[in-house]
There are 2 protein chains.
Amino acid sequence: MANLTPRQTEILQFIEQRLRAEGYPPSQRDIAEHFGFAQNAARDHLQALARKGEIEISPNDARGIRLLREQTPPGLPLLGRIAAGAPITAPSNAEHWLELDPGLFQPRADFLHRVDGDSMIDAGILPGDLVGIHAQSEAENGQIIAACLYEPRGGFERITLKRYRRKGSVVTLHAENPRYEPIVIDLAQPAEDQEAAPFRIAGIMGGLLRTGAPR
Amino acid sequence: MANLTPRQTEILQFIEQRLRAEGYPPSQRDIAEHFGFAQNAARDHLQALARKGEIEISPNDARGIRLLREQTPPGLPLLGRIAAGAPITAPSNAEHWLELDPGLFQPRADFLHRVDGDSMIDAGILPGDLVGIHAQSEAENGQIIAACLYEPRGGFERITLKRYRRKGSVVTLHAENPRYEPIVIDLAQPAEDQEAAPFRIAGIMGGLLRTGAPR
DNA sequence: ACAAGTACTGTTCAAACGAACAGTAGTCGT
DNA sequence: ACGACTACTGTTCGTTTGAACAGTACTTGT
């Protein structure tokens, strides 16, 4: 919606910076002085930003600038069942939104996934844990990935945590629990049996959040 | 440290409220008008608040009010080794400070503790995990607690995660790993042997944060 | 009994500030 | 070629605002 000019972006960023640093917005003359132009140029820019919906101006109020499109407080969507076809990171799928710094995880998390079985228990991942997933479509051998598997009964995709291993065209998705069989998929022979049918990597694990003590 | 008068608290809250609502602080006359007194009364109050360290005033700046004691961005201290005697929750002991909502954990966490052994591995707690601890000095049977144990060599206390069980005056601290022996402490016979000497409950586990994928 | 602090009123003043008007130069899409 | 928009300069005007000075009444601690 808003496509700002580079200059307007600069000015918006300056306002944000001053707000963080000072705790209150700059005056029109503050802006003008910082960029080295006259007050009216600042006023023009503010009006342009207001017209584009980035800010709101309270008439006749000193420093009466309110940021709209607020800086999102760093948070992560908790994704539940994924509607088939929809991109995983689509926030519309979010079950909840947790205020959690994505940078706490390594690599940085793009979304959270709630573990719903004990298949990864030997990797210290318990049912109910929230796993931070860094969205990417490739993985290295031995990494724990969020695998997106198509669920034939129901017509939706679901995310499962597995350890990824690939040898040539054969991908193996291991559970970290001896009671579960690994899923083997031969990429060279697509859609052979039902079990190993459509599969893609949703992302790799970057950490874990457990929101309660284990029983 | 600051003990504000009821009136000063009201005014501080009004400033906070206006900051949230408008995005910029009120002017002295805004404050005066809201409370129904003259501008100079507002000024007096602001100076009192500044004197008490609640706010900072930028001279000659319209709405030049900066909140100090800012609404703490929800965060948690990561406590390392605990100096003997010092209260655990003393933030001076903090190794790092993570921006993390304490309310994510259940019960709400007061600090984080980094696990440094594999003694709780069967509870899905791996070395390096950050455990959210709710500070309290009592625990129920079966709960996982942060136990504060005195380290004779070194003269400091350290926190260890154990499963707590008490029968009469006998407390047992179980590891969740068959390779570790439980620690048994008889509260009725204090300081009997070295192993089970000074012990206290630092808090109970409220969750866990793993900031990377397991190897 | 006195000083210090709280909680105000009232007035005046200068600086800070937003608003308005007029104008220039350049770019971009049609 | 024209209108719309960006990105400015320069000046003036009136309001908003913080600052300062003087004073009152009440409370609290020593």
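We name chains A, B, ... by the order of the sequence lines, and we start the count at 1 in each one. Keep in mind that this is a model prediction, so the values were computed, not measured.
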Would you tell me if any nitrogen or oxygen in the side chain of [X] comes within less than 4.0 Å of OP1 or OP2 on [N]?
X	N	result
B:Arg7	C:dT6	no
A:Arg63	D:dT17	no
A:Lys52	D:dT6	yes
B:Thr5	C:dA7	yes

Distance, rounded to the nearest Å, where [X] contributes [atom1] and [N] contributes [atom2]:
X	N	atom1	atom2	result
B:Phe35	C:dT9	CZ	P	13 Å
A:Gln47	C:dG18	CD	P	12 Å
A:Arg29	D:dT9	CZ	P	13 Å
B:Ile31	C:dC8	CD1	C1'	15 Å
A:Asp61	D:dT16	CG	P	9 Å
B:Ile57	D:dT17	CD1	C1'	13 Å
B:Ile65	D:dA19	CD1	P	10 Å
A:His34	D:dC8	NE2	P	13 Å

Closest-nucleotide 5' rank along DNA chain C - winner of B:Asn60 and B:Arg51: B:Arg51
Which of these nucleotides, [options], is closest to any side-chain atom of [X]?
X	options	value
B:Gln8	C:dC17, D:dC8, C:dA7	C:dA7
A:Gln39	C:dT6, C:dG18, C:dC17	C:dG18
B:Ser27	C:dG18, D:dG18, D:dC8	D:dG18
A:Phe37	C:dG18, D:dC8, D:dT6	D:dC8

Close side-chain approach of A:Phe111 to A:Leu78, heavy-atom, < 4.5 Å: no
Within 6.0 angstrom of A:Gln47 CD, more than 12 heavy atoms from elsewhere: yes
Enclosure of B:Gln106 CD (heavy-atom neighbours >12, cutoff 6.0 Å): no
Touch class at under 4.0 angstrom, heavy-atom based, for A:Ala41 against every strand present: base
Sugar-phosphate only, base, or nothing, as touched by A:Asp44 at under 4.0 Å among non-hydrogen atoms: base
Separation of A:Leu209 CG from A:Leu104 CG (nearest 0.5 Å): 9.0 Å
Aromatic centroids of A:Phe14 and A:His45 separated by under 6.0 Å: no
Any donor-acceptor N/O pair under 3.5 Å between C:dA19 base and A:Gln28 side chain: no
First of B:Asp30 and A:Gly36 reached from the 5' end of DNA chain D, by closest nucleotide: A:Gly36
Backbone N/O of B:Thr172 and side chain of B:Arg165: donor-acceptor pair under 3.5 Å: no
